[in-house]
**Student:** 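Okay, here's the structure, questions in a sec.
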Amino acid sequence: MQEFFEIAKTDFLATFEGAWIFWLLLCGVVWILVKEKDQTRKLLTGVLPAVFLFLYWCPVSGILFMKVLGENVYWRILWLILLAVTIPYAMCLALGELQGVKRQGAFLLCLGILAVGGKKVLSEEWFEPSTNVYKLPQNVIEVCELLPSNVHVMVSNRLMPYIRQCDPTITSEFGRNSLAYNGKEDSEEEGEKLYLEAQKEEIDLAVLGVLARKEGCTFLVFSNNRTYLGDWADYGYREYGRTDEFVIYVDEDYKEGQDTRKWIE
């Protein structure tokens, strides 16, 4: 049970810490339960948020949900609390109790509380100025500037979401859906074996090199902190280029200008 409370506390603080929104929610729920006369509205905007908070912190329901949903997604129960409905509705109820200048003053006060009670959306914590016209991470641009067009590649997970945005003529062995392979220890499917081997800090080229050639990967792009068991030349690859973060390997049979794209159904 102690483990449950540690997980629940960590996820709860990650969701609400650093802002006043949870306290605004509590005040809003109490105000709605006291002032709202319509039972349906009271249920939706007052009772349900309180029920979800109870279910989140209750060890019986919490442990059950963790087993069903998984510990990593348990915190999403908090998403079921309609913050964007409950808090504004409670404020509207409060404003309805006032008239004239008092109402206008209270409205401005509510806006001020919301404005200073959270974080700026466009803050450096979440956004950073683009350094290139593509508006993509610079490390992606640096790799794409070295890769030829019309080739089939297997790239690091850090590049995977962006590589085809930079150059759509490039086809990728794996897309973001391949992240579902993470956590598997072994697989009988060759594509999955290739992906899993590529995630290791020390890559066995006797496995990866053979599978990459079989899958038609002309270029391989890995972080430069990887180590390898074996010699790339023994499996038909050589170093093609490198950036500050990545090393690019190429199939020795590749000829400049050759179209090696692979279209995956």
Side-chain angles (χ1 to χ4, degrees), residues 1-98 106-129 135 137 157-158 160-162 175-184 199:
M1 187 175 294
Q2 183 178 358
E3 182 182 0
F4 159 75
F5 280 114
E6 287 296 326
I7 295 172
K9 177 184 175 182
T10 300
D11 292 343
F12 187 85
L13 291 177
T15 303
F16 290 112
E17 193 173 29
W20 301 350
I21 196 166
F22 176 68
W23 303 110
L24 291 175
L25 172 67
L26 286 185
C27 292
V29 167
V30 171
W31 188 260
I32 289 170
L33 293 177
V34 172
K35 292 293 184 178
E36 180 57 64
K37 304 302 181 185
D38 185 285
Q39 295 303 312
T40 301
R41 294 176 183 175
K42 179 182 289 190
L43 173 66
L44 294 176
T45 60
V47 175
L48 281 182
V51 169
F52 286 132
L53 284 173
F54 172 79
L55 292 176
Y56 180 86
W57 285 106
C58 176
V60 177
S61 58
I63 293 173
L64 175 62
F65 287 142
M66 281 189 183
K67 290 186 179 298
V68 174
L69 302 176
E71 295 178 3
N72 293 334
V73 296
Y74 173 68
W75 61 275
R76 292 186 181 179
I77 290 176
L78 298 172
W79 286 6
L80 300 176
I81 302 174
L82 301 179
L83 299 171
V85 175
T86 296
I87 294 173
Y89 188 71
M91 288 183 172
C92 288
L93 283 180
L95 293 174
E97 300 286 317
L98 303 173
F107 175 69
L108 293 175
L109 177 62
C110 290
L111 290 182
I113 291 172
L114 291 174
V116 302
K119 296 181 179 179
K120 297 178 181 179
V121 175
L122 300 177
S123 65
E124 292 183 0
E125 181 180 358
W126 308 110
F127 292 89
E128 60 183 35
K135 296 182 173 59
N157 281 353
R158 289 191 290 148
M160 194 184 298
Y162 308 106
R176 280 179 286 185
N177 58 343
S178 64
L179 297 179
Y181 301 155
N182 288 336
K184 292 187 176 182
Q199 307 317 305

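Excluded from the calculations below are hydrogen atoms, water molecules and symmetry mates; all remaining heavy atoms, backbone and side chain alike, are included.
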**Student:** Please, which pairs that meet side chain to side chain donor-acceptor pair (under 3.5 Å) have at least one residue in residues 78-91, sequence neighbours excluded?
**Tutor:** Glu36-Tyr89
**Student:** For Gln39, give me all partners under side chain to side chain contact (heavy atoms under 4.5 Å, CB included), at least two apart in sequence or on another chain.
**Tutor:** Lys42
**Student:** For Ile87, run the side chain to side chain contact (heavy atoms under 4.5 Å, CB included) check against Ile21, Leu82, Ile32 and tell me which one passes.
**Tutor:** Ile21
**Student:** Determine, step by step, whether Asp11 and Phe16 satisfy the side chain to side chain contact (heavy atoms under 4.5 Å, CB included) criterion, reporting the C-alpha distance in whole Å, the side-chain angles of both residues, the deciding distance to 0.1 Å, and the verdict.
**Tutor:** CA-CA 9 Å; Asp11 292 343; Phe16 290 112; over 6 Å; no
**Student:** So does Phe107 have more than 12 non-hydrogen atoms from other groups sitting under 6.0 Å from CZ?
**Tutor:** no
**Student:** Looking at Pro59 and Phe5, what are the two nearest heavy atoms and their distance?
**Tutor:** CG-CZ, 3.5 Å
**Student:** Pair up each side-chain donor or acceptor in residues 61-68 with any protein partner under 3.5 Å, not counting sequence neighbours, and list the distances.
**Tutor:**
from  : atom 1 : to    : atom 2 : distance (Å)
Ser61 : OG     : Leu55 : O      : 2.7
Ser61 : OG     : Cys58 : O      : 3.3

**Student:** Please name all residues satisfying side chain to side chain contact (heavy atoms under 4.5 Å, CB included) with Ile113, sequence neighbours left out, ordered by chain then number.
**Tutor:** Trp20, Leu24, Leu109
**Student:** On the 0 to 90° scale, with breaks at 30° and 60°, tag the Tyr56-Phe12 ring pair as parallel, tilted or perpendicular.
**Tutor:** tilted
**Student:** First locate atom CG of Leu93, then atom NZ of Lys37, and finally report the distance between them rounded to the nearest 0.5 Å.
**Tutor:** 10.5 Å
**Student:** With sequence neighbours excluded, tell me which residues meet side chain to side chain contact (heavy atoms under 4.5 Å, CB included) with Leu13.
**Tutor:** Lys9, Glu17
**Student:** Taking only residues two or more places apart in sequence, or in another chain, which ones meet Phe52 in a ring pair (Phe, Tyr, Trp, His ring centres under 6.0 Å)?
**Tutor:** none
**Student:** Could you pull out the closest heavy-atom pair between Cys110 and Met91, with the gap in Å?
**Tutor:** CB-SD, 3.7 Å
**Student:** Working note: Leu53 + Phe22, criterion side chain to side chain contact (heavy atoms under 4.5 Å, CB included); need CA distance, chi angles, decisive distance, verdict.
**Tutor:** CA-CA 11 Å; Leu53 284 173; Phe22 176 68; 4.0 Å; yes
**Student:** Which residue pairs satisfy the side chain to side chain donor-acceptor pair (under 3.5 Å) criterion with at least one member in residues 44-53, sequence neighbours excluded?
**Tutor:** none
**Student:** Should we count CH2 of Trp57 as having more than 12 external heavy atoms under 6.0 Å?
**Tutor:** yes
**Student:** Who pairs with Gln199 by side chain to side chain donor-acceptor pair (under 3.5 Å), at least two apart in sequence or on another chain?
**Tutor:** Asn157
**Student:** Using salt bridge (charged side-chain N to carboxylate O under 4.0 Å, His left out) as the criterion, list what pairs up with Arg76, not counting sequence neighbours.
**Tutor:** none
**Student:** Once rounded to the nearest 0.5 Å, what's the spacing between atom CH2 of Trp75 and atom OG1 of Thr15?
**Tutor:** 6.0 Å
**Student:** Please report the closest heavy-atom contact between Gly28 and Ala90, naming both atoms and the distance.
**Tutor:** CA-CB, 3.4 Å
**Student:** Which pair of heavy atoms, one from Trp31 and one from Ala94, lies closest together, and at what distance?
**Tutor:** NE1-N, 3.4 Å
**Student:** How far apart are the closest heavy atoms of Ala50 and Val29, and which atoms are they?
**Tutor:** CB-CG1, 4.2 Å
**Student:** How would you list, by chain and number, every residue that makes a side chain to side chain contact (heavy atoms under 4.5 Å, CB included) with Ala14, sequence neighbours excluded?
**Tutor:** none
**Student:** Does Tyr162 have any ring pair (Phe, Tyr, Trp, His ring centres under 6.0 Å) partners at least two apart in sequence or in another chain, and if so, which?
**Tutor:** none
